[in-house]
Engineer: 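Structure in C-alpha cells, see below.
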Amino acid sequence: MRTRSAIVRAVPGKWEVVELDLDEPGPGEVLVRLVAAGLCHSDDHIATGDLPVRTLPMAGGHEGAGVVEAVGPEVHDLAVGDHVVFTYLPVCGRCRWCSNGLQGLCDMGAGTLHGSRPGDPTSYRLHLGDVPVGQGSCVGTFSERTTVDRRSVVKIDKDIPLESAALVGCGVLTGWGAAVNSGGTRPGDVVICMGIGGIGINAVQGAAHAGAGHVIAVDPVEFKRAKALELGATAAFADMAQARDHARSLTNGQGADVAVVTVGITTGEHVAEAFASIRKAGTVVVVGLGPRSDRGIPVSIDELVLYQKRIQGSLFGSAAPLADIPRALEFYRTGQLKLDELITTRYTLDEIGQGYDDMHAGRNLRGVIVF
Ligand SMILES: NC(=O)c1ccc[n+]([C@@H]2O[C@H](COP(=O)([O-])OP(=O)(O)OC[C@H]3O[C@@H](n4cnc5c(N)ncnc54)[C@H](O)[C@@H]3O)[C@@H](O)[C@H]2O)c1
Ligand SMILES: [Zn+2]
Ligand SMILES: [Zn+2]
C-alpha cells in the first residue's frame, strides 16, 4: 500500500512530504487511517537534532488519532472501524513499570526513538524504495496511513471528535499529568506554569482541575498569556521574575508549591528560574526538552538540601495511558477539560512547514494537521 508522510532525511532538516510504501499489518499490528495529528515541539527537536533518532529518514509525528482500517493476526480486541488515539509510548501492560502504575515508563518505550518496530531493530513498516523509513515514537502520525503495534493505540468511544482526541495522545496528558501526577498539585496550591504551548496550556488546565488556588502562567508571548487566562490561569506574566514575585506575594514570601517547566527549548537556566520560584519542600516539574548535549542545572546544592526542594522529571505526565487517555476524554465530555479550544490552526499535511513556522513564531497554542 502507498501512503504520504512527512519525513526528515537528515538532521538538522526540514519536514518533506513524500509518498512511501506501507506494509500491511503483521501479527499484533493494526493499520490506522489518520484523521488528525498534532504538531508537538518534540518532533521539531527530532528535525533539529536536539533529540537524536537512530533511523533516517524518519517519518515524524507522535500525537494523533484515526480509524482502524486493517487488523493483523493475533489482534483480538480491535476491529476495522474502531477509533483510536496513538500513545507515543507503547504500553505492554506486563513489565515491571506497567505493573506498578508507571505505564509511561514501559520497557517498550526504550526503542521509541529508533524508528523500527518496538523490540525489533531490524524491522520497519515504511519504505522509500529500498530504504527503510523510521516511524517517530513507533507510530509516525504525520502520515495519511500508518501501521503500528497494537500496543501503540488506545481505543476510544466514537462520539469524541478525533481532531480533539488526537491532542490527548501527547500534549494533554503530558501537561495535565505534569501538574497533577508529577507535581502532585493539591487544592489551594500556588502553581506556576512556565511556557504556554501545547503542553503548558494543559499544565494550566491540570493545575486548575486539581484545585490549585492560584495558577500563574508565564510566557513571553501575549497571545499565550491570554489563552492561559481563558483556560484556568489566575494570573499571567511575561517572565519568571514577575511570576516568582507574585507567588511570593500570595504566600507570605514563601513561593510556589509547584512550578512546571514546559519551555519549548528548555535549558538548565529555565529550570533554575523555576527552582528559585518554589517554596521550601516545593517541586519543580521538568517536562520540556533541550539539546541532549546540555549538561547541568545551575542551582545551589545548599538550597536543594537545606530547603528540601525537589526537581522532578516528567515523561508523558507520569500518566498511565491505557487508563488516562479514556479518563481525559471523559473529563472532556463532562466539560472539565477543554480540547476544542486548544486547536489554534488546522493545516493540510503539505502545510506542515507552515505549521512549525507558526509554532516557532508563537502563533499557535496547538497546530493540528487534518487529513
Ligand atoms: N516530557 C514529555 O513527556 C514531553 C512530551 C511532549 C513534549 N515535551 C517537550 O515539552 C516542551 C514544550 O512542548 P510544546 O509542544 O508545548 O512546545 P511549544 O513550542 O508549543 O510551547 C513552548 C512555549 O514556551 C514558551 N517560552 C519560550 N521561552 C520561554 C521562557 N523563557 N519562559 C516561559 N515560556 C517560554 C514559548 O513562547 C511557547 O509558548 C518541548 O521541549 C517538548 O519537546 C516533553
Ligand atoms: Zn509530544
Ligand atoms: Zn510495559
Side-chain angles (χ1 to χ4, degrees), residues 37-46 48 50-51 60-64 86-110 112 118-119 136-137 139 141 151 166-167 169-175 177-178 182 192-203 217-225 227-228 236-243 259-267 269-271 273-274 285-291 312-322 342 344 355-356 358-367:
L39 299 175
C40 179
H41 203 123
S42 297
D43 290 296
D44 192 66
H45 285 311
I46 289 177
T48 61
D50 284 351
L51 204 54
H62 60 279
E63 188 177 275
F86 291 89
T87 168
Y88 79 86
L89 291 161
V91 177
C92 81
R94 308 179 66 88
C95 71
R96 171 186 172 184
W97 314 104
C98 285
S99 308
N100 284 288
L102 296 167
Q103 289 179 358
L105 295 177
C106 176
D107 284 336
M108 277 182 81
T112 195
S137 297
V139 292
T141 56
R151 292 165 290 185
L167 307 183
C170 177
V172 173
L173 222 52
T174 300
S182 322
I192 295 178
C193 299
M194 181 184 189
I196 306 295
I199 312 292
I201 191 64
N202 292 298
V218 181
D219 202 290
V221 178
E222 208 274 324
F223 158 73
K224 307 293 188 116
R225 299 197 295 274
K227 282 289 164 191
F237 299 101
D239 61 56
M240 278 299 280
Q242 294 177 69
V260 183
V261 183
T262 61
V263 174
I265 303 168
T266 295
T267 64
E269 280 74 20
H270 292 134
V271 180
E273 284 183 275
V285 180
V286 185
V287 181
L289 297 164
Q312 173 70 54
S314 178
L315 180 63
F316 211 171
S318 315
L322 298 190
L342 304 181
T344 310
Y356 275 109
D358 289 345
M359 182 196 79
H360 282 294
R363 286 189 280 264
N364 285 342
L365 213 44
R366 200 53 135 194

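Ligands are counted one by one from 1 in listed order, and the atoms in each one are counted from 1 as well. Everything numeric here is computed off the predicted structure, so don't read it as measured data.
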Engineer: Of the protein's non-hydrogen atoms, which lies at the shortest distance from atom 7 (C) of ligand 1, and what is that distance?
Structural biologist: Ser42 OG, 3.1 Å
Engineer: Do me a favour and list the nearest non-hydrogen protein atom to atom 10 (O) of ligand 1 with residue, atom name and distance?
Structural biologist: Gly288 CA, 3.5 Å
Engineer: Using a 4.0 Å heavy-atom cut-off, which part of Tyr88 comes near ligand 1: side chain, backbone, both, or neither?
Structural biologist: side chain
Engineer: Is it the side chain (CB and beyond), the backbone, both or neither of Thr174 that lies under 4.0 Å from ligand 1, heavy atoms counted?
Structural biologist: side chain
Engineer: How far is atom 28 (N) of ligand 1 from its nearest protein heavy atom, and which residue and atom name does that atom have?
Structural biologist: Val263 CG1, 3.5 Å
Engineer: Please identify which atoms of ligand 1 are closer than 4.0 Å to at least one heavy atom of His270.
Structural biologist: 31 (N)
Engineer: For the atom pair SG (Cys193) and CG (Asp219), what is the distance rounded to the nearest 0.5 Å?
Structural biologist: 11.0 Å
Engineer: Which residue supplies the protein heavy atom nearest to atom 15 (O) of ligand 1, what is that atom called, and how far is it?
Structural biologist: Arg366 NH1, 2.7 Å
Engineer: Considering only heavy atoms of His45, which atoms of ligand 1 have at least one such atom less than 4.0 Å away?
Structural biologist: 40 (C), 41 (O), 43 (O)
Engineer: If you measure from each non-hydrogen atom of Met240 to ligand 1, which part falls under 4.0 Å: side chain, backbone, both or neither?
Structural biologist: neither
Engineer: In the protein, which heavy atom is nearest to atom 1 (N) of ligand 1, and how far is it?
Structural biologist: Ser314 O, 2.8 Å
Engineer: Note the single closest protein heavy atom to atom 21 (O) of ligand 1, along with its residue, its atom name and the distance in Å.
Structural biologist: Gly197 CA, 3.1 Å
Engineer: Under a heavy-atom criterion of less than 4.0 Å, does Gly362 contact ligand 1?
Structural biologist: no
Engineer: Write out the residue and atom name of the closest protein heavy atom to atom 19 (O) of ligand 1, then the distance separating them to 0.1 Å.
Structural biologist: His41 ND1, 2.7 Å
Engineer: Keeping the roles fixed (side chain from Thr266, backbone from Val263), state whether a donor-acceptor pair exists under 3.5 Å.
Structural biologist: yes
Engineer: Looking only at non-hydrogen atoms, find the nearest pair between Thr141 and Ala37 and report the distance.
Structural biologist: O-CB, 3.4 Å
Engineer: What atoms of ligand 1 come closer than 4.0 angstrom to any heavy atom of Lys224?
Structural biologist: 38 (C), 39 (O)
Engineer: Using 0.5 Å steps for rounding, measure from the CZ atom of Arg366 to the OG1 atom of Thr344.
Structural biologist: 10.0 Å
Engineer: Identify the heavy atoms of Gly264 and His45 that sit nearest to each other, and give their distance.
Structural biologist: O-NE2, 2.9 Å
Engineer: Under 3.5 Å between some N or O of ligand 1 and some N or O of Gly264?
Structural biologist: yes
Engineer: With a 4.5 Å heavy-atom cut-off, do Ile265 and His41 have their side chains touching?
Structural biologist: yes
Engineer: Counting from 1, what ligand 1 atoms have a heavy atom of Cys170 closer than 4.0 Å?
Structural biologist: 5 (C), 6 (C)
Engineer: Taking both backbone and side-chain atoms of Val287, is any N or O found less than 3.5 Å from an N or O belonging to ligand 1?
Structural biologist: yes
Engineer: What atoms of ligand 1 come within less than 4.0 Å of a heavy atom belonging to Val218?
Structural biologist: 33 (C), 34 (N)
Engineer: Main chain of Gln242, side chain of Asp239: is a donor-acceptor contact present, judged purely on distance under 3.5 Å?
Structural biologist: yes
Engineer: Does Leu289, backbone or side chain, put an N or O under 3.5 Å from an N or O of ligand 1?
Structural biologist: yes
Engineer: Is there a donor-acceptor contact under 3.5 Å from the side chain of Ser318 to the main chain of Ser314?
Structural biologist: no
Engineer: Just how far is it from atom SG of Cys106 to atom CG of Leu315, taken to the nearest 0.5 Å?
Structural biologist: 11.0 Å
Engineer: Please write down residue, atom name and distance for the protein heavy atom closest to atom 25 (C) of ligand 1.
Structural biologist: Asp219 OD2, 3.1 Å
Engineer: Less than 4.5 Å apart, side chain to side chain, heavy atoms only: is that true for Asp50 and Leu289?
Structural biologist: no
Engineer: Within the structure provided, determine whether Leu167 and Glu63 are in side-chain contact (heavy-atom separation under 4.5 Å).
Structural biologist: yes
Engineer: Ile196 heavy atoms, cut-off 4.0 Å: which ligand 1 atoms fall inside?
Structural biologist: 23 (C), 39 (O)
Engineer: Please list, in number order, the atoms of ligand 1 under 4.0 Å from a heavy atom of Phe316.
Structural biologist: 2 (C), 3 (O)
Engineer: Tell me whether Thr262 contacts the main-chain N or O of Gly288 through its side chain, where contact means a donor paired with an acceptor under 3.5 Å.
Structural biologist: no
Engineer: Check whether any side-chain N or O of Lys227 sits under 3.5 Å from a backbone N or O of Glu222 as a donor-acceptor pair, and report yes or no.
Structural biologist: no
Engineer: Heavy-atom contacts with Ile199 under 4.0 Å: which atoms of ligand 1 show up? List them by number with element.
Structural biologist: 6 (C), 7 (C), 10 (O), 12 (C), 13 (O), 14 (P), 15 (O), 16 (O)
Engineer: With carbon and hydrogen excluded and only N/O/S kept, which atom of His62 is nearest the Zn ion (ligand 2)?
Structural biologist: NE2
Engineer: If you round to the nearest 0.5 Å, how far is CG of Leu365 from CG of Asn202?
Structural biologist: 8.0 Å
